[in-house]
Amino acid sequence: MIRHMTRFSVALVVAAVVSTAAWAEEIRIGIYSEPSSMDPHFHNLGPNNAFMAQVFGRLVEMDHKQKLQPGLAVSWKTVNDTTWEFKLRKGVKFSDGSDFTADDVLFSFDRASNYVGGNSSFRTYLKGKTFKKIDDHTIHISTESPYPLMPVDMAQPHIISDSATGTGKADVNKGLATKDFNQGTAMIGTGPYKFVEWKKGDRIVLVPNPTYFGTKAKWSKVTIKPIPSAPARVAALLAGDVDMIDNVPTTDVERLKKNKNVVLSSGISNRVIYLHMDQYRDGSPFVTDRDGKPMAKNPLKDVRVRKAISKMINRDAIVARVMEGLAIPAGQLLPEGFFGVSPNLKPEKFDPEGAKKLLAEAGYPNGFGLTIHGPNNRYINDAKIAEVIAQMLTRGGIPTKVVTMPKSVYFKRASKGGKDGQPEFSFILVGWGSGTGEASSALKSLLTTHDKSKGFGASNRGRFSQEGVDKLVIEALATVDDPKRQGLLAKATELAIGTHQGIIPLHYQVNTWATRPGLKYRARTDERTIAMDVLKDN
Amino acid sequence: MSVYIIRRLLQAIVVVVAMSIIVFSGVYLIGDPVDILISDDADQEDRQKLIESLGLDKPFHIQYLTFVARALEGDLGDSFIFNEPALLLILDRMPATLELAVASLLMAIVFGIPLGMWAGLKPDSFFSKSIMAGSILGFSLPTFWVGIMFIMIFAVIMGWLPSGGRGDTTEFLGMEVSFLTWDGLSHLFLPALNLALLKISLAIRLTRAGTREVIHQDYIKFARAKGVSTRRVILVHVLKNILIPVITVMGLEFGSLIAFSVVTETVFSWPGMGKLIIDSINLLDRPVIVAYLMIIVFMFIIINLVVDLMYSVLDPRVRLQDVKS
Amino acid sequence: MTAVTEPTAVDPVKEESSSQKDQTPFRRFVSDFAESKVAVAGLIVFLLIVLIAIFAPLIAPTDPYDLATVDILDSRLEPGAQMMSGTTALLGTDGLGRDMLSAMIYGLRISLGVGAASGLIALMIGVCIGLAAAYFGGRTDTIIMRIVDLQLSFPSILIALVLLATLGKGVDKIIIALIVVQWAYYARTVRGSALVERNKEYIEAATSLALSHRRIVFKHLLPNVMPPLIVVGTVQVASSIALEATLSFLGIGLPVTEPSLGLLISNGFEYMMSGKYWISIFPGVALLITIVSINLVGDRLRDVLNPRLSK
């Protein structure tokens with residue numbers, strides 16, 4: 001009896017120790033892509049921005065569904081047509097103990113927009129804006145014309161401390177060189193975690209930031225290990241070398257679901273995979289007749305042909321067989337629930353008969369030849385999707401060849417590899433992730449008329465052009481009233497995709513994380529893997 | 001002798017310069033990294049700014065001359081991806097690769113020589129035939145495939161060793177090394193063995209051939225006839241005669257180990273130079289590609305030179321004039 | 001891998017001196033070779049593989065590149081399952097619905113094709129350059145051999161990396177890379193054995209008869225340097241197939257649409273952890289058998305053609 005008692009009490013003590021220790025636990029995360037730098041303004045790139053969110057704060061934060069939340073700014077409003085006011089959070093301290101004020105914001109924005117020598121495209125969110133400090137905790141941002149996307153833009157650049165000092169030249173990037181960040185001396189932020197070290201290609205280590213203004217960080221130490229190879233990442237999780245991995249390969253999902261030692265967390269992303277078609281030139285380079293001879297007329301200019309192609313595609317089969325269920329058939333630019341999405345656009349149904357009829361109507365009863373070009377290392381299963389699209393089109397009467405290539409070569413050629421810097425291909429597979437969490441950036445870049453001077457249609461590689469769409473988008477971009485803007489964006493999407501089939505949406509990616517038992521990941525639509533969203537499963 | 005060394009070094013410079021031109025122009029033609037680097041939200045103006053900030057808007061010859069001018073000052077350019085000097089990036093990763101290569105070389109010698117001697121001394125035994133068959137497998141199996149199998153078996157199924165990465169490191173002679181901690185060693189074992197397989201096979205074959213040649217020599221026959229114990233014959237006479245040539249050849253293979261570590265590092269996520277170059281090729285990070293190849297080519301030329309010099313010291317019959325022709 | 005060929009110092013002089021009168025050299029060679037049953041087995045397997053590769057379209061149950069018949073709904077079927085078209089997928093199907101057996105047969109064709117094409121061209125280039133070096137001697141010889149030595153001092157994978165980083169991806173590019181990697185081995189081998197021949201009486205006689213350079217080189221020198229070339233050739237083919245597979249695995253080799261064995265393995269690598277073993281194991285085994293059989297043959301050839309080592 002006594003022995004039983006003892007054992008029981010030992011168990012109790014152990015349980016007590018474990019439960020308090022739960023708040024002092026380490027976590028090791030295996031990630032697909034490593035940040036290219038610790039400098040928060042160097043490179044506006046997914047892996048970098050994801051990492052920075054743990055160390056630095058922004059005026060406006062996005063939650064796991066990309067809904068805007070107060071960050072270093074507690075509130076924001078328009079004070080007149082062209083000016084926004086941001087009220088900054090009081091009592092915030094940087095990890096070095098210094099106070100956060102409006103000066104830090106202006107310092108950071110100035111550094112980000114004038115960044116020298118980097119791949120900074122944070123300029124994208126800061127240009128055309130004038131920043132003014134009203135007092136230590138108020139700033140005004142003004143633009144030339146009404147600008148509704150201000151809060152979204154302010155959710156992008158990271159805020160660094162103006163007291164940080166570095167080894168760079170004083171007049172370049174505020175004297176803060178990339179090296180100062182990579183070695184940690186300038187890694188002074190307001191985020192929940194504090195930077196410890198970065199061994200490139202091996203690990204990044206973080207510990208809780210004691211000065212963080214929000215709920216204190218749960219993990220006593222975070223080790224982030226880059227493991228780019230998918231099977232190696234899964235192997236590391238199964239072998240217990242890491243507690244969580246991101247980008248679980250779709251091929252392993254079925255098996256991992258059955259594994260009791262693994263918990264999967266998945267959620268839809270803001271990324272749509274779609275087909276772009278050359279809609280502006282005759283004699284398009286990769287459109288041929290059935291015998292492989294060039295065609296004088298470009299059938300892809302005919303909306304009936306574009307619709308026929310969309311009907312030939314069995315999206316459910318792609319989702320089930322290529323994506324292993326980790327995708328959702330798409331009918332527009334963003335999945336349901338995002339700002340500016342149209343309730344009326346549904347994914348096209350697989351309808352080979354209907355496709356045949358439309359092809360015949362358009363004057364191509366015997367089809368024509370096509371080549372699909374796609375990347376092979378950019379999106380989830382991209383090369384396989386291209387192969388399967390070719391299978392489906394070939395069956396539907398458009399014999400299609402497949403050419404896939406690494407992204408390093410692909411995007412240059414797809415954007416400007418042809419004659420006179422024109423897009424080189426005729427029919428391409430691409431994806432688009434809406435970092436801003438609403439439909440305007442995708443509409444503006446993909447479906448407005450390509451115009452270098454205005455910055456419109458920057459990624460419109462099919463050169464789709466409809467005056468009506470352009471007008472709606474321009475109007476939306478100048479409408480501050482949210483419900484009204486939402487309506488305009490939805491209408492523009494319906495016109496561009498529903499009516500004119502400017503692009504053919506295929507599916508939205510679903511991202512998956514895998515953890516050891518006892519943990520789960522709060523899946524994020526922006527695909528980021530951050531320690532704050534790793535939760536205990538009880 | 002010094003004339004010889006100077007001539008070799010000049011030759012080295014010519015090769016490095018020629019290669020830098022070829023690689024620089026080749027990578028320039030393949031594509032530019034802007035489309036990979038830039039975010040989706042960027043418009044044409046941002047794109048143009050990025051192209052200019054990387055200097056990619058200038059004509060090729062200007063880009064190359066700028067590169068040469070800076071290279072002469074010891075600056076091989078900044079990585080497009082990391083925004084740090086390419087040279088530092090590579091030197092930063094070098095200890096990991098060197099450690100892996102040294103560990104593999106040791107494994108090749110430690111495993112290869114005893115097995116090869118056994119096969120040479122008892123050529124007709126079953127075990128010897130198995131060793132020789134194994135050595136054929138050893139250089140037939142593609143390294144990457146074996147690496148995957150190692151991970152499957154030892155990390156996932158058995159759970160004995162970690163699946164990749166480098167583990168804990170400690171400072172040793174100013175370099176970060178992992179062989180001094182248990183965790184580091186456990187991370188080092190599989191990749192080192194994977195990289196060593198080919199060289200183990202090579203060591204087995206060299207040792208076997210050497211042993212068989214030596215045991216037919218008169219002095220071995222004489223020693224045996226004199227009644228020297230078999231063990232002593234093997235350990236003293238045979239080993240002494242084959243050790244130097246085998247180890248010399250294995251030393252020659254050191255460079256090849258560094259080159260082939262590209263594969264092993266990719267499979268085992270080992271944070272060395274090899275992984276860096278593959279990533280850089282995929283991302284068209286030209287400064288790193290050019291710098292890496294220049295460094296490694298130079299390293300090879302030095303290794304080869306050292307080996308040639310060592311040969312002439314070890315074997316007086318080889319004069320340097322002979323080596324070079 | 002290539003380093004294994006280096007100890008191959010084939011000495012045709014000795015072979016000649018040990019000839020017996022009752023056998024032609026060829027017969028003796030065959031009977032020597034056949035002494036090793038393993039090598040004969042290797043040869044038979046290799047010949048089978050070559051036949052399969054040549055007649056791939058006749059042997060393969062389906063055409064894995066015909067997009068009109070490949071169906072995504074057939075993807076990842078287990079070995080022995082029936083596909084939509086009614087054909088049984090003996091070794092299962094891959095992630096795109098291709099019959100694995102057919103994909104492997106066609107992949108073998110590409111692997112061997114790339115290996116053979118690059119090997120043959122490298123052989124021709126190497127032979128011409130090597131013969132030129134040996135025949136003309138002097139400065140020509142010095143310059144050529146310096147280039148050869150320089151190149152051989154770099155590992156094959158490094159040269160391939162330089163070339164592929166510079167040229168980009170594609171079948172043609174990988175063949176070019178493999179040619180550049182290999183030619184120097186042939187050149188050195190040819191020069192070495194041609195030098196031995198050059199000083200023999202029959203060449204001197206031919207020279208004094210004022211036969212043309214070309215005739216002397218191709219009619220008299222070349223046949224005598226064949227044995228070592230065959231040995232080097234087999235090893236080179238095996239190593240270039242392996243090198244191609246490795247480069248494809250690293251993502252800088254062949255494009256993915258018409259995969260070689262190496263690329264099939266690397267595609268299957270994705271499925272390593274998913275329990276769908278057939279997608280990567282079978283091509284791996286096929287590649288292994290191919291390379292091992294070639295190496296067994298090469299190994300025996302070396303022993304037979306080099307009596308000093310075959311004691």
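Reminder, nothing fancy here: chain letters follow the sequence lines and each chain counts from 1. Given the structure is predicted, the values throughout are model-derived calculations rather than measurements.
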Residue among [options] with most heavy-atom pairs under 4.5 Å to chain B:
{"options": "A:N182, A:V234, A:N377, A:L238", "result": "A:N182"}
{"options": "A:A414, A:A235, A:P406", "result": "A:A235"}
{"options": "A:K200, A:K225, A:K179, A:K454", "result": "A:K200"}

Salt bridge check, [Y] against [X]: does any charged N sit closer than 4.0 Å to a carboxylate O?
{"X": "A:D153", "Y": "A:K127", "value": "no"}
{"X": "A:R28", "Y": "A:D243", "value": "yes"}
{"X": "A:D246", "Y": "A:R528", "value": "no"}

Chain A contact residues among residues 181-189 of chain B, heavy-atom distance under 4.5 Å: none
Any residue of residues 90-101 of chain B which, by heavy atoms, sits under 4.5 Å from chain A: B:R93
Partners passing side-chain contact (heavy atoms from CB on, under 4.5 Å) against A:K199 (at least two apart in sequence or in another chain): A:E197, A:D202, A:R203, B:T169, B:E176
Beyond-backbone contact of A:N460 with A:L446, side-chain heavy atoms, under 4.5 angstrom: no
By a 4.5 Å heavy-atom criterion (distance strictly below it), what part of [X] contacts chain B: side chain, backbone, both, or neither?
{"X": "A:D451", "value": "backbone"}
{"X": "A:Y125", "value": "side chain"}
{"X": "A:K416", "value": "side chain"}

Heavy-atom pair of closest approach, residues B:L190 and B:P162: CD1-O, 4.1 Å
Most contacts with chain A, counted as non-hydrogen pairs under 4.5 angstrom, among B:M158, B:K49, B:E45, B:K275: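 Heavy-atom pairs under 4.5 Å are most numerous for B:K49.
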Audit row: A:F181, A:T178, side-chain contact (heavy atoms from CB on, under 4.5 Å) steps and yes/no: CA-CA 5 Å; A:F181 288 94; A:T178 298; 5.7 Å; no
Proximal component of B:L276, with respect to chain A [non-hydrogen, under 4.5 Å]: neither
Within residues 62-79 of chain B or reaching into it, pairs that qualify as side chain to side chain donor-acceptor pair (under 3.5 Å) - sequence neighbours excluded: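 Pairs touching residues 62-79 of chain B that pass the test: B:S20-B:Y64, B:Q63-B:R286, B:R70-B:D75, B:S79-B:D285.
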Donor + acceptor pair across side chains of A:T124, B:D46 (<3.5 Å):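 On atom types as modelled, these side chains qualify, holding a pair under 3.5 Å.
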Centroid-centroid under 6.0 Å between A:F122 and A:Y115 rings: no
Parallel, tilted or perpendicular: rings of A:Y379 and A:F411 (30°, 60°):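 Ring orientation of A:F411 relative to A:Y379: perpendicular.
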Donor-acceptor pair, side chain of A:R271 and main chain of A:W432, under 3.5 angstrom: no
Check against side-chain hydrogen bond (donor to acceptor under 3.5 Å, both in side chains), A:N48 and A:S36: CA-CA 7 Å; A:N48 293 36; A:S36 60; 3.1 Å; yes
